[in-house]
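Before any comments, here is the structure.
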Amino acid sequence: MLSLDALNAPQREAVLHERGPLVVFAGAGSGKTRVITYRIAHLVGEREERPWRVLAVTFTNKAAGEMRERLGKLLPQGGADVWVGTFHATCAKLLRKHAAEIGIKSSFAIYDEADSKAMVARVLRDLDIDERRYPPKLVAGAIERAKQEARGPDDFKVFDAETEVIKRIYATYEERMRQSGALDFGDLLFRLVYAMQTNDKLLATLQQRFDHVLVDEFQDTNHVQLRLVHDLCMQHRSLVVVGDDDQSIYRWRGANRRNILDFRDQFPDATVIKLEQNYRSTARILRAAQSVVQRNLEREPKTLWTSNPDGARVTVVRCHDERDEARLAVRAVRDAAQAGHALSDIAIFYRIHAQSRVFEEALRAANIPYRVVGGVRFYDRAEVKDVLAYLRVLENPDDDVSVLRVVNTPSRGIGKATIDRLLDTAATRGISVAEALRVLRDADDQPAALRKKLESFLGLVDSLRERASQGEAPSALARAVLDETGYKQMLETDDTPESDARLENLEELVGSIVDFEEEAEEPTLRAFLEIVTLQTDVDEVAAGDRLTLMTVHAAKGLEFDTVIVAGLEEEMFPYRGLDPGSDREELEEERRLAYVAFTRARERLVLMHASLRHLFGQTRINARSRFIDEIPPDDRHEIGVPPPRASAPPPPRDVYPERDEPAWDENPYRVTYRNAKTSERASGESYVDREDTDLAGLRLGMRVRHAKFGIGQVRAVTEGHPPRVTVTFPGWGTKQIVAKFLEPA
DNA sequence: TCCGAATTAATTTTT
DNA sequence: TTAATTCGGA
């Protein structure tokens with residue numbers, strides 16, 4: 001008997017919910033995963049639903065893994081049969097199962113973003129389109145977005161000459177993908193949705209397939225994902241979606257918050273449950289987070305509360321620059337550790353990866369062990385991708401992107417000229433690159449030396465493929481690739497520190513294949529390749545007691561005793577990119593991001609901002625983030641270096657003594673702001689801080705005149721060659737202006 | 001074909 | 001600033 005004692009009233013209601021669609025708005029730390037796992041346990045354990053007819057979808061492999069683990073505890077038997085997986089893995093599974101009806105090979109390769117980009121580049125070449133006018137990255141992005149909106153090449157939205165060209169590229173791209181027997185990430189979802197839409201029999205089959213569908217992080221779904229979920233559950237209409245519109249931080253990846261906000265329009269008979277009790281954070285931290293996100297206009301009304309104690313006030317630390325910030329962060333870490341927090345329960349968050357370096361240096365100097373989450377992923381490393389490309393070619397000879405990747409790696413004298421000839425042959429005859437290789441090898445009009453090189457490459461791949469088809473283990477094949485293609489030798493000959501690291505990575509790759517063979521139900525090469533592309537995050541082994549450094553995005557779903565958020569300055573967080581779109585939506589997403597960041601903290605929240613910051617080789621001076629001032633003054637206390645004076649020279653070095661510093665909480669520079677300006681800015685009227693630091697003769701907040709744009713207000717000053725200033729002009733928006741074109745007004 | 005200099009661009013990144 | 005990509009010359 002499953003005990004529901006651990007659940008509160010709304011949680012229990014969601015778990016026991018009987019019929020029809022249900023949307024659960026689950027605030028941060030309100031126990032949403034618990035609701036999903038208990039509900040599944042209840043369905044299978046109490047209501048005797050068949051586990052293999054229950055589908056739970058997540059976004060990340062990590063979330064899926066956690067769910068499966070928690071389910072295993074609640075449901076000792078049957079838990080393993082429940083379908084728990086990411087959108088992509090679930091679709092891949094269904095696509096392989098129904099490949100014949102859909103008209104694809106069940107051995108399809110899965111292309112990641114880099115592979116798609118390579119494919120676009122190739123199409124560009126075939127169509128003789130300038131790469132600089134149509135950067136592959138941009139075009140691949142457009143195609144990806146189209147697929148997220150369930151639009152094929154024929155439905156691609158065209159509104160100018162450029163999109164017309166992209167549409168053409170898209171069509172050819174699709175053709176080449178088919179030829180290569182490959183599906184990209186977008187295809188995994190779109191092809192299934194499309195197949196259901198065009199094939200009634202398949203639709204009927206799949207609608208029968210699951211009795212219950214549950215979706216986690218529903219606020220992050222995009223259009224196809226909604227369609228997929230909708231189509232899969234229409235028969236039984238047992239759909240439970242769980243999410244938090246305030247934690248929707250992937251709009252730029254196609255996520256549409258409307259999916260959760262308007263769920264009741266899509267499913268008019270939907271039940272709505274809100275989980276508003278937070279079990280994670282102190283009341284003060286929760287208030288801080290809420291007061292920021294509450295300023296957003298479009299959100300589902302809800303108020304989180306907690307029975308946890310008030311806790312300490314949020315610490316706001318003013319720093320001189322990013323190095324000072326790192327130094328003070330180290331102090332905050334030590335202080336938290338002294339208060340009994342394990343390093344593994346402390347994290348430093350930043351808005352962009354570029355901020356991590358200074359922290360790494362400071363932590364290394366301070367001898368504090370840390371790990372950086374994100375950055376280059378294991379399976380994205382060039383050498384790993386190379387070896388995987390060989391393996392993919394063994395599995396699927398027509399995988400053009402992989403063939404092109406390995407054909408001259410290591411170098412075997414098959415250079416650009418030859419590859420051009422290969423691509424031309426493939427394009428004119430409508431065959432794959434692998435087939436074109438054979439054609440050229442057998443062509444009498446080709447130089448004998450070239451034909452010999454091609455023959456040796458083909459012979460190598462064919463013999464490996466032969467071994468693969470004889471059932472040789474994936475790990476043995478990987479070793480064979482390393483030894484027989486000369487890849488390993490190439491690295492050994494190199495004998496640089498980098499090549500050593502690469503060899504180590506390849507050893508690790510082989511090791512991971514061995515692990516896979518021991519654990520997987522079906523230890524085939526195909527299964528391994530699928531896992532590798534769909535599972536981009538390799539779970540690092542529990543690496544001891546370490547501090548965590550990561551972006552706020554990466555922090556979603558995690559929690560720590562102490563959270564330090566760095567770089568809380570205007571332009572930085574809220575971040576504003578190159579052309580400052582003063583988009584309301586963008587600012588609201590930044591606010592949600594801050595909400596996510598703050599709500600990760602259980603006990604201590606430290607917010608840091610620097611008066612001056614070096615970024616991308618420039619010096620920027622920005623006011624501290626409006627998000628700080630949006631926190632109720634009673635819930636924060638402010639420490640750190642004194643604010644710079646107007647026109648003051650840069651503070652002398654000895655203002656920041658390295659030694660003999662007073663303890664963290666008796667900092668003599670402690671200042672508290674509770675003046676009129678705070679409330680003025682809180683209402684969004686002004687970006688101007690009390691700081692009057694100047695640069696290039698222009699000061700923050702100053703009114704300036706520009707010949708074309710008229711009078712505006714200085715929002716940021718950026719040192720460099722030439723110095724630039726960010727100015728907001730009423731009616732023109734925010735512009736970056738070279739300082740000499742401005743004069744004080 | 002390959003290497004090093006020049007040029008360019010720069011959030012966030014679940015799969 | 002840095003890192004990736006492109007370009008030009010040997």
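Chain letters run A, B, ... following the sequence lines, proteins first, then strands; residues in each count from 1.
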field: Whole-Å C1' distance, C:dT5 and B:dT12
entry: 22 Å

- prompt: What integer number of Å spans the P atoms of C:dA4 and B:dT13?
  reply: 16 Å

task: Test for a donor-acceptor pair under 3.5 Å between the base of B:dT8 and the side chain of A:Arg132, counting only N and O atoms.
output: no

query: Would you say the base of B:dT11 and the side-chain of A:Arg351 have a donor-acceptor pair closer than 3.5 Å?
result: yes

message: Pick the closest DNA chain B nucleotide for A:Leu593 and for A:Leu188 by heavy atoms, then say which residue is nearer the 5' end.
response: A:Leu593

task: For A:Ile249 and for A:Arg253, locate the closest nucleotide of DNA chain B by heavy-atom distance; then report the residue assigned to the nucleotide nearer the 5' terminus.
output: A:Ile249

Please report, rounded to the nearest Å, how far the [atom2] atom of [N] is from the [atom1] atom of [X].
| X | N | atom1 | atom2 | value |
| --- | --- | --- | --- | --- |
| A:Gln618 | B:dA9 | CD | C1' | 12 Å |
| A:Asp112 | B:dT14 | CG | P | 12 Å |
| A:Asp321 | C:dT1 | CG | C1' | 15 Å |
| A:Glu322 | C:dT2 | CD | P | 12 Å |
| A:Phe59 | B:dT12 | CZ | C1' | 16 Å |
| A:Asp380 | C:dA4 | CG | C1' | 15 Å |
| A:Leu228 | B:dT15 | CG | P | 17 Å |
| A:Lys147 | B:dT15 | NZ | P | 19 Å |

- prompt: Between A:Trp252 and B:dT12, do the rings stack, that is, sit under 5.5 Å apart with planes less than 30° off each other?
  reply: yes

State whether [X] places a side-chain N or O below 4.0 Å from either non-bridging phosphate oxygen (OP1 or OP2) of [N].
| X | N | value |
| --- | --- | --- |
| A:His353 | B:dT13 | yes |
| A:Arg357 | C:dT2 | yes |
| A:Asn61 | B:dT15 | yes |

query: Across all strands, who's sitting opposite C:dT5 as a Watson-Crick or G-U wobble pair, both distances under 3.5 Å?
result: B:dA6

message: Applying the Watson-Crick and G-U wobble criteria at under 3.5 Å, what pairs with B:dT11? Answer none if nothing qualifies.
response: none

Nearest to the side chain of [X], heavy atoms from C-beta on, is which of [options]?
| X | options | result |
| --- | --- | --- |
| A:Thr60 | B:dT13, B:dT14, C:dT1 | B:dT14 |
| A:Tyr575 | B:dT13, B:dT11, B:dT15 | B:dT11 |
| A:Ser411 | B:dT13, B:dC2, B:dT14 | B:dC2 |
| A:His553 | B:dT14, B:dT13, B:dT15 | B:dT13 |
| A:Ile352 | B:dT15, B:dT13, B:dT11 | B:dT11 |
| A:Tyr250 | B:dT12, B:dT14, C:dT5 | B:dT14 |

What contact category does [X] fall into here, base, sugar-phosphate, or nothing, at under 4.0 angstrom with non-hydrogen atoms?
| X | value |
| --- | --- |
| A:Ile414 | sugar-phosphate |
| A:Lys416 | sugar-phosphate |
| A:Ala63 | nothing |
| A:Glu113 | base |

- prompt: Which residue, A:Leu214, A:Val24, A:Leu71, forms the side chain to side chain contact (heavy atoms under 4.5 Å, CB included) with A:Ile36?
  reply: A:Leu214

- request: Determine the sole option in A:Val57, A:Asp245, A:Ile260 for which the side chain to side chain contact (heavy atoms under 4.5 Å, CB included) test with A:Phe218 is passed.
  value: A:Ile260

query: With A:Asp246, which of A:Arg592, A:Gln219, A:Arg591, A:Arg299 fulfils side-chain hydrogen bond (donor to acceptor under 3.5 Å, both in side chains)?
result: A:Arg299

task: Could you check A:Glu590, A:Glu569, A:Glu570 and say which one makes a side-chain hydrogen bond (donor to acceptor under 3.5 Å, both in side chains) with A:Arg626?
output: A:Glu570

field: Residue pair A:Ser611 / A:His320, side-chain donor-acceptor N/O under 3.5 Å
entry: no

field: A:Tyr350 and A:Phe359 aromatic ring geometry - parallel, tilted or perpendicular at 30°/60° bounds
entry: parallel

field: A:Lys117 bridged to A:Asp184 by N-O distance under 4.0 Å
entry: no

